[in-house]
Amino acid sequence: MAYVRKNAAQLTREEKRRFVDALLELKRRGEYDEFVRMHIHYFTSDGERGLRTAHMAPSFLPWHRRFLLDLESALRRVDSSVTIPYWDWTRDRTTRSVPWRDDLLGGNGRLGDRRVTTGPFAYAHGHWTLRVGVTDGTFLTRDLGRAHDPIALPTAAELEWALKDPVYDVAPWDSTVTKGFRNKLEGWGPGRGSTSWRNHNRVHRWVGGTMLGAASVNDPVFWLHHAFLDLQWTRWQRRHRTGRYLPAQPPGRGDAQHGRVVARHQKLPPWDVTPDELEDVSRIYRYA
């Protein structure tokens with residue numbers, strides 16, 4: 001039977017406690033840091049050489065779907081009742097709403113160094129020291145809303161802009177495309193600064209601190225954010241019944257994207273699974 005992922009705003013006190021406790025146990029065992037390492041390793045941008053899987057590519061959604069499933073499996077080995085909740089940032093939009101409460105992920109970072117001092121992941125508790133990252137920082141940081149230069153979370157209308165596009169992705173299959181559901185959701189836009197960050201990208205910027213960059217997995221909100229994005233892929237599939245992952249075939253020799261993107265039936269590193277096999281996960285989980 002498929003298990004259920006719930007809106008974080010609908011979790012009971014007991015469900016929140018179990019989710020947090022399972023995360024802390026994975027951290028204590030050293031398993032959590034392996035997820036941080038994996039995300040850093042597969043964070044390859046347009047300008048780099050080699051295969052892109054996690055970002056700036058069609059496989060953004062299936063890669064993170066499998067990533068979520070791996071974390072969820074690890075959590076459920078600790079506590080079989082736990083699933084990853086999602087954060088609906090089109091509704092819970094303030095620094096005091098879910099998930100920024102002491103019984104879930106804790107709140108904003110303090111002035112100055114942006115260190116998170118509340119909730120179960122506060123550095124002072126000794127349970128959430130950052131050991132893997134792209135900087136030497138050891139404590140979780142946040143800058144919710146970016147106080148020095150405020151930005152807003154994406155709106156329901158901005159999310160709808162992505163969902164209504166009937167095509168999954170288009171050539172050249174990177175961060176420069178202006179059509180296709182994938183990049184409209186991932187959120188790479190033209191120009192510079194806050195106007196170029198949409199949906200997924202803007203949420204990372206809004207949270208700030210540790211959520212900026214390849215080591216963003218160090219902030220547990222990463223999972224709630226990406227569970228909501230995963231839900232959007234499911235909603236897009238329901239709306240566009242004939243819509244499929246693209247490209248169906250790998251770009252040919254001579255194409256600038258040859259060997260740089262994963263086609264529908266190609267294996268998606270580091271797993272032995274294809275995007276095609278990840279399009280339907282209804283047998284595993286569903287969203288409430």
Task: Cation-aromatic face contact Arg264/Tyr245, 6.0 Å, 45 degrees - done: no
- [ ] Please tell me if the side chains of Thr83 and Val4 come closer than 4.5 Å, counting only heavy atoms from C-beta onward.
- [x] no
Task: Separation between CH2 of Trp128 and OG1 of Thr138, rounded to the nearest 0.5 Å - done: 14.0 Å
Open item on the list: If you define the side chain from C-beta out and look only at heavy atoms, does anything of Arg29 sit under 4.5 Å from Glu25?
Closed with: yes
Task: Note, Leu11 side chain near Val98 side chain (heavy atom, < 4.5 Å) - done: no
TODO: Determine which pairs satisfy ring pair (Phe, Tyr, Trp, His ring centres under 6.0 Å) with at least one residue from residues 144-166, sequence neighbours left out, and list them in order.
DONE: none
Open item on the list: Counting C-beta onward and ignoring hydrogens, is there a side-chain heavy-atom pair between Arg93 and Thr155 closer than 4.5 Å?
Closed with: yes
Open item on the list: Less than 4.0 angstrom from a charged side-chain N to a carboxylate O is my criterion; do Asp230 and Arg5 meet it?
Closed with: yes
TODO: Check the pair Arg65, Thr234 against side-chain hydrogen bond (donor to acceptor under 3.5 Å, both in side chains), reporting the backbone distance first and the verdict last.
DONE: CA-CA 11 Å; Arg65 174 166 284 181; Thr234 299; 3.3 Å; yes
Open item on the list: Check the orientation of His240 and Trp236. Use parallel for under 30°, tilted for 30 to 60°, and perpendicular for over 60°.
Closed with: tilted
Task: salt_bridge(Asp79, Arg76) N-O dist < 4.0 Å - done: no
Open item on the list: With side-chain hydrogen bond (donor to acceptor under 3.5 Å, both in side chains) as the criterion, how do Asp276 and Thr274 come out once you've worked through the C-alpha distance, each side chain's angles and the decisive distance to 0.1 Å?
Closed with: CA-CA 5 Å; Asp276 176 74; Thr274 66; 4.5 Å; no
- [ ] Give me the one residue out of Lys184, Arg239, Arg235 that meets salt bridge (charged side-chain N to carboxylate O under 4.0 Å, His left out) with Glu160.
- [x] Arg239
Open item on the list: List the residues meeting salt bridge (charged side-chain N to carboxylate O under 4.0 Å, His left out) with Arg114, not counting sequence neighbours, and say none if there are none.
Closed with: Asp143
Task: Minimum side-chain heavy-atom gap Val207-Asp219 below 4.5 Å - done: yes
Open item on the list: Does the plane of the ring in His226 sit parallel, tilted or perpendicular to the ring in His55? Use 30° and 60° as the thresholds.
Closed with: perpendicular
Open item on the list: Quick one, Val261 and Pro251 - any side-chain contact, counting heavy atoms below 4.5 Å?
Closed with: yes
Open item on the list: Less than 4.0 angstrom from a charged side-chain N to a carboxylate O is my criterion; do Arg198 and Glu158 meet it?
Closed with: no
- [ ] Check the pair Trp271 / Asp70 against side-chain hydrogen bond (donor to acceptor under 3.5 Å, both in side chains), numbers first and verdict last.
- [x] CA-CA 10 Å; Trp271 304 283; Asp70 281 3; 2.8 Å; yes
Task: Single-linkage hydrophobic cluster Leu23~Leu68, side-chain heavy atoms < 4.5 angstrom - done: yes
Task: Given Lys16, Arg18, Arg17, the one that forms salt bridge (charged side-chain N to carboxylate O under 4.0 Å, His left out) with Asp103 - done: Lys16
Task: Thr117 and Tyr123, any side-chain heavy atoms less than 4.5 Å apart - done: no
Open item on the list: Among Trp87, Phe19, Tyr86, Phe35, which residue satisfies the ring pair (Phe, Tyr, Trp, His ring centres under 6.0 Å) criterion with Trp223?
Closed with: Phe35
Task: Whether His64 and Phe222 hold their rings parallel, tilted or perpendicular, with breakpoints at 30° and 60° - done: tilted
TODO: Please state whether the rings of Tyr168 and Trp233 are parallel, tilted or perpendicular, taking 30° and 60° as the class boundaries.
DONE: tilted
TODO: Taking only Lys NZ, Arg NE, NH1 and NH2, and the carboxylate oxygens of Asp or Glu, determine whether Arg52 and Asp46 approach each other closer than 4.0 Å.
DONE: yes
Task: Thr210/Thr141 under side-chain hydrogen bond (donor to acceptor under 3.5 Å, both in side chains): CA gap, chis, key distance, verdict - done: CA-CA 5 Å; Thr210 302; Thr141 60; 3.2 Å; yes
Task: For Asp92, all residues meeting side chain to side chain donor-acceptor pair (under 3.5 Å), sequence neighbours excluded - done: none
Open item on the list: Distance to the ring centre below 6.0 angstrom and angle to the axis at most 45 degrees; does that hold for Arg202 and Trp197?
Closed with: no
TODO: Taking the side chain as every heavy atom from C-beta outward, state whether His200 and His225 have any pair of such atoms under 4.5 Å apart.
DONE: yes
TODO: Give the cluster check for Val82 versus Phe67: same hydrophobic cluster or not, with ILVMFWY residues linked at side-chain heavy-atom distances below 4.5 Å.
DONE: yes
